[in-house]
Amino acid sequence: RGIYNCLLNLCAKAEDHEGVHQVYRQLVQDGCDRNAYTYTCVISSLVKSRAVDEAWDTFREMQREGLVPNELTYGALICGFARENELDKALKLWKETKKCGYTMDVYSTSVLMQGLAKVGRMDKASRVFTAMKREGVRPNTRAYNIMCDGFGKAGEMDKALALLEEMKEMNISPDATTYNTLMDGLCKAGKADEASELFNHMTSTGCAPDVYTSTIVLAGLTKAGFTKDALKVFAVLKERGVRLNASAYNTLIDALAKAGQLQDALGLFAEMGEFGLPPDFITYNIILKAYCDVGQVQESHLLFVDLKNKGWNHDPVAYNTLTCGLAKARNFDLALQLFEEMKLKQAMPTAVTYSTLIDCLGKEGRLNEAYSLFQEMRLLKGDQQQAEVNLVVYNSLLKAVCKAGDIERAFELWEEMKRSGCNPD
RNA sequence: GCAGAUUAUUCAUUAA
């Protein structure tokens, strides 16, 4: 058993999850007995290779054998479930650790908090965070950053800012990520003035801005309609030799394109090349959309084909952008062809893909096709899809159904929305 | 003795 455990550990350390699997199979075949260490190695390896369900089965098996899981076993599983958005399971396990009298560390607790934040359950995240502190586990900067981000995205900037104060009281120093997160939240809440104050505070405490800061500031300006000022800031940053990455360029290219200044946008795109800064897939997605928006869908399509030939064909956003452009130009043949292509490539259709097609088909009066796409979404479960029905999908279908005058079906949908936790907006 | 975490830029619905 000792040898097997060592082997498992080695494979796990090398991130060789297939190896862990093989060693474990061999171990079972040999009828070798397992201890908590053995199981924990296997479980955390399974979690790492995103096979949470298998990890869970292994966990159950472990318990059936009468072995006692430790903090690490629980930690791995809680992280696994939290990452897969299975937060009820994660929370249940977390509660179990309390019953066992275990103290979970900041790490696992943070992953759980982040998972809860991602699905908008900040109340629960907050309780988990408080419980951790009450147990005497000292939070770190990252844990606070996660909570600040969660509150910001939930539109509760007051709570996020209160945490910054708490950090000071606790003598935990905020870092660039903390300030970036808060500034981004403030910008998105339309409080640019407060964001700017925070920026001054950040630099006055000796915390240096990083590449994220630039993009957050630039995006804050463009989204508030100050693209000209953003361009000025951009020029100053370049002049001062601040390192700018593709994201900073992307922000401005997108803003210019959306303001109808396609030529200026393309000019910046060209500048990236001159500076030896390679465009990333987001840059191309922005250009793809820019062409569609000025009615040059064929130009967009040409670029898309070009990208595919270079092997950039795994991005659902690129597919979605072009599909939308085509569908809005009423070229459904090609749009639906791309949709089918997505299923074959490593770019599974997302909720955006479905809502795009449902909406455009609805506008075209092709309600039955829109409806069957909706059904398809609901039928695909688990690993074969990246698409959960969401509010926009319901809204699009509802619009199509109303346009067709089918009031009865509209009410059916309305009720279904509420039942499934998608509250109408 | 064993695992793991945070922020930015791109795509879909939105009446009168």
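Within every chain, numbering begins at 1; the chains are lettered A, B, ... in the order of the sequence lines, protein sequences first and strands thereafter.
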Quiz item: Under 6.0 Å from the NZ atom of A/Lys159, do we count more than 12 heavy atoms belonging to anything else shown?
Solution: no
Exercise. Give A/Asp315 one of three labels, base, sugar-phosphate or nothing, depending on what nucleic acid heavy atoms sit under 4.0 Å from its own.
Key: nothing
Quiz prompt | Output field: ring centroids A/Phe129/A/Tyr144 closer than 6.0 Å | solution = yes
Quiz item: Taking atom types as they are modelled, is there a donor-acceptor pair under 3.5 Å from the base of B/A12 to the side chain of A/Ser355?
Solution: yes
Self-check item: Value rounded to 0.5 Å, distance of CG in A/Leu186 from CD in A/Glu197
Solution: 9.5 Å
Practice problem: Would you classify A/Lys118 as touching base, sugar-phosphate or nothing, given that sugar-phosphate means primed atoms plus P, OP1 and OP2, and contacts are heavy atoms under 4.0 Å? | Solution: nothing
Self-check item: Atom pair NZ (A/Lys403) and CD (A/Glu364), whose distance is rounded to the nearest 0.5 Å
Solution: 9.0 Å
Quiz item: For RNA chain B, what residues of residues 294-302 of chain A have any heavy atom nearer than 4.0 Å?
Solution: none
Exercise. Would you mind classifying the nucleic acid contact of A/Leu72 as base, sugar-phosphate or nothing, using non-hydrogen atoms under 4.0 angstrom?
Key: base
Self-check item: Set of residues satisfying ring-ring contact (aromatic ring centres under 6.0 Å, His included) with respect to A/Tyr291, sequence neighbours excluded
Solution: none
Quiz item: Can we call the ring centroids of A/Phe411 and A/Trp414 under 6.0 Å apart?
Solution: no
Exercise. Return the nearest nucleotide to the side chain of A/Cys324; candidates are B/C2, B/A12, B/U6.
Key: B/A12
Exercise. Just do the salt bridge (charged side-chain N to carboxylate O under 4.0 Å, His left out) check on A/Glu271 and A/Lys238 with the steps written out, would you?
Key: CA-CA 12 Å; A/Glu271 188 182 293; A/Lys238 271 194 287 192; 2.8 Å; yes
Quiz item: Can you pull the ring-ring contact (aromatic ring centres under 6.0 Å, His included) pairs that have at least one residue in residues 314-337 of chain A, sequence neighbours excluded?
Solution: A/Phe304-A/Tyr319
Exercise. Please work out if A/Asn35 contacts a base, only the sugar-phosphate, or nothing of the nucleic acid, heavy-atom cut-off 4.0 Å.
Key: nothing
Practice problem: Looking at every strand, decide which applies to A/Asp175 at a 4.0 Å heavy-atom threshold: base, sugar-phosphate, or nothing. | Solution: nothing
Quiz item: Is A/Thr321 touching bases, backbone alone, or none of the nucleic acid, heavy atoms closer than 4.0 Å?
Solution: sugar-phosphate
Under-3.5 Å N/O pairs linking protein and nucleotides 14-16 of chain B:
residue, atom, partner, partner atom, Å
B/U14, OP1, A/Lys399, NZ, 2.4

Practice problem: Report which part of the nucleic acid A/Thr251 touches: base, sugar-phosphate, or nothing (heavy-atom distance under 4.0 Å, all strands). | Solution: sugar-phosphate
Quiz item: Would A/Arg34 and A/Glu61 pass as an ion pair if we require N to O under 4.0 Å?
Solution: yes
Self-check item: Partners passing salt bridge (Lys or Arg N to Asp or Glu O under 4.0 Å) against A/Lys232 (at least two apart in sequence or in another chain)
Solution: none
Exercise. Spell out yes or no: do the side chain of A/Asn70 and the base of B/A3 have one donor N/O and one acceptor N/O closer than 3.5 Å?
Key: no
Quiz item: NA contact type, A/Val111, heavy-atom cut-off 4.0 Å: base, sugar-phosphate, or nothing?
Solution: sugar-phosphate
Quiz item: Does A/Lys310 pair with A/Asp306 as a salt bridge, N-O distance under 4.0 Å?
Solution: yes
Quiz item: Expressed in angstrom and rounded to an integer, what is the separation of A/Phe81 atom CZ from B/A3 atom C1'?
Solution: 16 Å
Quiz item: Where do A/Glu84 and A/Lys89 land on the salt bridge (charged side-chain N to carboxylate O under 4.0 Å, His left out) test, with the steps shown first?
Solution: CA-CA 10 Å; A/Glu84 295 297 317; A/Lys89 290 183 186 167; over 6 Å; no
Exercise. Classify the nucleic acid contact of A/Ser247 as base, sugar-phosphate or nothing, counting any heavy atom under 4.0 Å across all strands shown.
Key: base
Quiz prompt | Contact residues, residues 147-158 of chain A to RNA chain B [heavy atom, < 4.0 Å] | solution = A/Asp149, A/Lys153
Practice problem: Figure out the CG/P separation between A/Leu218 and B/U10, and round it to whole Å. | Solution: 12 Å
Practice problem: Identify whether any heavy atom of A/Ser108 sits under 4.0 Å from a base atom; if not, whether one sits that close to sugar-phosphate; answer base, sugar-phosphate or nothing. | Solution: base
Self-check item: Near-parallel close stack of A/Tyr37 and B/G1 base (under 5.5 Å, under 30°)
Solution: yes
